[in-house]
Amino acid sequence: MAKEITARADDYSQWYNDIVKKAGLAEHSAVRGCMVIKPYGFAIWEKMQAQLDAMFKDTGHVNAYFPLFIPKSFLSREADHVEGFAKECAVVTHYRLKKGADGEGIVVDPDAKLEEELIVRPTSETIIWNTYRDWISSYRDLPLLVNQWANVVRWEMRTRFFLRTAEFLWQEGHTAHATKEEAIAEAKQMQEVYASFAQDYMAMPVVQGSKTETERFAGAVDTMTIEALMQDGKALQAGTSHFLGQNFAKAFDVKFLNQDNKESYVWATSWGVSTRLIGGLIMTHSDDDGLVLPPKLAPTQVVIVPIPKPNETIAEVAEDIKRQLGQLGVSVKIDDDPKKRPGFKFAEYEMMGIPVRIGIGMRDLEKSVVEVARRDTKEKTQIPLDQIHQYIPALLSEIQDNLYARSLQFRKDHWRQVDDWDTFQETLEEEGGFISAHWDGTSETEKRIKELTKATIRCIPNDQPLENGSCILTGAPSSRRVLFAKAY
RNA sequence: CGGGGUGUAGCGCAGUCCGGUUAGCGCACCUGCUUUGGGAGCAGGGGGUCGGGAGUUCGAAUCUCUCCACCCCGACCA
């Protein structure tokens with residue numbers, strides 16, 4: 001057949017690459033580690049952006065834009081921060097090209113060397129806090145709640161579509177607050193926003209928690225995360241929200257006067273999600289027939305395929321359904337391309353993950369019905385024409401719910417509570433998934449576990465009750481379980 | 001960045017070991033006709049810097065060197 005994808009069971013990585021390529025989401029570019037996001041993939045990102053942006057606005061944030069380039073000296077102001085990113089920064093050293101000595105080709109003009117090199121932003125804390133210094137002088141300027149949609153560059157050694165590329169798209173929120181409590185509340189609020197988005201729109205269950213010191217963002221006091229479980233049993237960090245304390249305020253000297261005319265440093269947060277979410281979306285729902293999209297993020301929710309080649313009657317019915325559903329806010333595409341056969345279209349739209357397909361043939365119309373096929377279960381039903389406008393919106397909603405329920409069930413089936421080291425190792429090797437286990441709280445033990453099993457502590461879940469136990473590796477006392485998994 | 005692999009038409013591949021006509025095949029594409037309820041059939045047609053460069057040779061997709069890109073496995077990381 002024209003397009004076949006590798007089965008998940010045969011080669012999970014290849015399956016993932018096949019989905020990305022064959023559903024038309026992205027392809028490799030001429031630049032190492034950078035991908036081209038194709039129109040269909042970008043349309044999904046636009047759906048995500050629109051929803052997230054609305055949620056940010058609802059929580060009082062505004063958008064702005066800061067420079068792509070950061071003076072090298074800025075990056076080194078915050079010691080942990082620079083150490084965290086130094087190994088993966090792209091550096092601009094010159095600002096001009098000229099013809100080569102032989103008159104052929106083009107070379108970097110050695111006379112155009114920058115006095116201070118510029119770093120292509122791996123994240124924008126430094127340039128933003130340098131700006132905030134001028135924006136903040138009084139408690140009346142606070143809180144400052146700004147988000148930016150941007151691209152960032154992290155020079156990764158090994159890349160994968162959407163999950164890790166040298167350049168990626170994201171949003172980064174950067175907020176400034178008068179008190180520590182308020183900043184912590186902001187970071188928590190944004191973690192909650194991300195969790196709602198993941199669950200309600202992506203239909204992807206996530207665990208909310210905090211990172212250990214080892215896994216924390218460079219420069220943060222506390223990194224809060226949402227962690228999702230992929231179908232191969234590996235965890236994916238899907239979004240992070242950082243409480244930055246006064247680290248950046250001190251590094252960039254951002255102070256404000258309070259009501260008592262006393263000066264103090266500002267408290268900060270930053271938070272972000274990226275195009276990595278698309279990778280998470282793929283690996284949460286898709287199957288061996290292709291992409292599966294939750295209706296709320298599908299660029300096209302319903303596709304209508306006329307059978308056989310379109311004629312007047314069928315075309316009219318199709319247009320009528322499109323109009324009816326359009327009024328209800330459902331996005332509908334009619335594929336009346338006469339050059340492609342219905343069977344081809346069925347396979348194609350399944351590959352693209354369109355949630356619902358309506359097939360209309362003369363045989364159906366004689367009975368005043370159409371055939372409705374849902375992507376998530378592949379079930380087909382005959383639905384009377386006069387019920388379509390009620391049935392389809394309800395079905396979309398049911399698909400959305402079913403995808404979430406299915407993913408949640410998968411996570412339940414791959415979430416083990418483990419209390420002995422042998423089982424811990426076996427589980428990781430044979431099934432993967434999340435493992436809830438005791439840990440003695442030291443970075444040394446965390447590192448040792450990673451060396452031995454490749455698993456890392458994904459987070460200390462927010463709702464994890466206190467419980468006395470002993471560390472899975474060292475047996476030292478522990479007051480609470482943490483969540484382990486192999487991760488992307 | 002280390003180990004392994006791949007690179008030949010838009011996509012997937014054969015040919016490379018052992019150099020020798022005009023570089024093939026399937027899908028896709030174009031034209032026409034017939035078809036159309038799960039990836040249509042027949043006929044005709046177009047499309048190639050064999051990843052780039054250098055070298056060996058009478059002659060290179062094939063041998064040598066080098067560079068590049070991608071994939072898989074590690075280390076690093078959102």
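Below, chains carry the letters A, B, ... as their sequence lines are ordered, and counting in each starts from 1.
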* Is the gap between the ring centers of A:H61 and A:W271 under 6.0 Å? -> yes

* Asked: When rounded to the nearest Å, what value does the distance between P atoms of B:U22 and B:U66 take?
  -> 32 Å

* Structure fact -> Here the distance between atom C1' of B:G39 and atom CG of A:D289, to the nearest Å, is 12 Å

* Compare side-chain N and O positions of A:R154 against OP1 and OP2 of B:C76 and report whether any pair is under 4.0 Å apart. => no

* Select base, sugar-phosphate, or nothing to describe what A:G33 touches, counting heavy atoms under 4.0 Å on all strands. => sugar-phosphate

* To do: Rounded off to whole Å, could you give me the CD-to-P distance for the A:E379 and B:G38 pair?
  => 19 Å

* Asked: If you find the nucleotide of RNA chain B closest to A:F217 and the one closest to A:G359, which residue's nucleotide is nearer the 5' end?
  -> A:G359

* With ring pair (Phe, Tyr, Trp, His ring centres under 6.0 Å) as the test, would you mind laying out the steps for A:F217 and A:H81 before giving the verdict? => CA-CA 8 Å; A:F217 173 74; A:H81 189 66; 5.7 Å; yes

* To do: Give A:E88 one of three labels, base, sugar-phosphate or nothing, depending on what nucleic acid heavy atoms sit under 4.0 Å from its own.
  => sugar-phosphate

* To do: Would you please confirm or rule out a distance under 4.0 Å between OP1 or OP2 of B:C76 and any side-chain N or O of A:K450?
  => yes

* To do: In whole angstrom, give me the gap between the C1' atoms of B:G4 and B:C77.
  => 23 Å

* Watson-Crick or G-U wobble partner of B:C70, both distances under 3.5 Å -> B:G5

* **Whole-angstrom distance between B:G45 and B:C50, as gauged at atom C1'** => 23 Å

* To do: Report which part of the nucleic acid A:E215 touches: base, sugar-phosphate, or nothing (heavy-atom distance under 4.0 Å, all strands).
  => nothing

* **Watson-Crick or G-U counterpart of B:C50, or none if no pair lies under 3.5 Å** => none

* Under a 3.5 Å limit for both distances, which nucleotide forms a Watson-Crick or G-U wobble pair with B:G39, could you say? => none

* **Euclidean distance, atom CZ of residue A:F344 to atom P of B:G37 [Å, nearest integer]** => 14 Å

* State whether A:R164 places a side-chain N or O below 4.0 Å from either non-bridging phosphate oxygen (OP1 or OP2) of B:C76. => no

* **Of the listed nucleotides B:G38, B:C70, B:G37, the one nearest the side chain of A:F346** => B:G38

* Cationic tip of A:R121 within the cone over A:W170's six-membered ring, i.e. under 6.0 Å and within 45° of the normal? -> no

* Asked: In whole Å, what separates the C1' atom of B:U21 from that of B:C58?
  -> 16 Å

* A:K486 NZ - B:C77 P separation (whole Å) -> 18 Å

* To do: Let me know, please, whether A:R458 or A:G361 comes out on the 5' side of the other along RNA chain B by nearest nucleotide.
  => A:G361

* Asked: In terms of side-chain geometry, is the basic nitrogen of A:R458 or A:E215 positioned less than 4.0 Å from the acidic oxygen of its partner?
  -> yes

* To do: Would you indicate which nucleotide in B:G39, B:A75, B:G37 comes nearest to any side-chain atom of A:R158?
  => B:A75

* **Nearest-Å distance for atom pair CD/P, residues A:E227 and B:C77** => 15 Å

* To do: Quickly work out the A:N311 CG to B:U35 C1' distance and round it to whole Å.
  => 15 Å

* Should A:R341 be listed as having a side-chain N or O under 4.0 Å from OP1 or OP2 of B:A40? -> yes

* Expressed in whole Å, how much space separates the P atoms belonging to B:G52 and B:U34? -> 45 Å

* Please report, rounded to the nearest Å, how far the P atom of B:A75 is from the CH2 atom of A:W155. => 23 Å

* Asked: Picking from B:G39, B:C70, B:G38, which would you name as closest to the side chain of A:H28?
  -> B:C70

* To do: Give A:K454 one of three labels, base, sugar-phosphate or nothing, depending on what nucleic acid heavy atoms sit under 4.0 Å from its own.
  => sugar-phosphate

* Any idea which of B:C70, B:G38, B:C77 is nearest the A:E350 side chain? -> B:G38

* To do: Searching all strands shown, indicate the nucleotide that pairs with B:G12 (Watson-Crick or G-U wobble; both distances under 3.5 Å).
  => B:C25

* Asked: Looking just at side-chain N and O atoms, do A:R448 and A:T445 make a donor-acceptor pair shorter than 3.5 Å?
  -> no

* To do: Identify whether any heavy atom of A:L163 sits under 4.0 Å from a base atom; if not, whether one sits that close to sugar-phosphate; answer base, sugar-phosphate or nothing.
  => base

* Asked: Taking the same atom, C1', in B:C63 and in B:C70, what whole-Å distance lies between them?
  -> 25 Å

* To do: For A:T165, report the nucleic acid contact type (base, sugar-phosphate, nothing); a contact means any heavy atom under 4.0 Å.
  => base

* Have a look at A:F168 and say if it touches a base, only the backbone sugar-phosphate, or nothing, with a 4.0 Å heavy-atom cut-off. => base

* Out of B:C72, B:G38, B:G37, which has the shortest distance to the side chain of A:I307? -> B:G37

* Lys/Arg cation over aromatic A:F74: A:R77, 6.0 Å, 45° cone -> yes

* **Ring-face cation of A:R160 near A:Y16 (centre distance under 6.0 Å, axis angle within 45°)** => yes

* Do NZ/NE/NH1/NH2 and the carboxylate oxygens of A:E350 and A:R375 come within less than 4.0 Å? -> no

* **Nearest-0.5 Å distance, CD1 of residue A:I392 to CD1 of residue A:I321** => 8.0 Å

* Nearest-Å distance once atom C1' is located in both B:G37 and B:C73 -> 47 Å

* To do: Tell me what A:N17 touches on the nucleic acid: a base, only sugar-phosphate, or nothing, going by heavy atoms under 4.0 Å.
  => sugar-phosphate

* Asked: To the nearest angstrom, how far is A:K340 atom NZ from B:A40 atom P?
  -> 12 Å

* Asked: Which part of the nucleic acid does A:S13 contact within heavy-atom distance under 4.0 Å: base, sugar-phosphate only, or nothing?
  -> sugar-phosphate

* State the pairing partner of B:C58; accept Watson-Crick or G-U wobble contacts with both distances under 3.5 Å, and report none otherwise. => B:G20

* **Nearest-angstrom distance, C1' atom, B:C27 to B:C67** => 33 Å

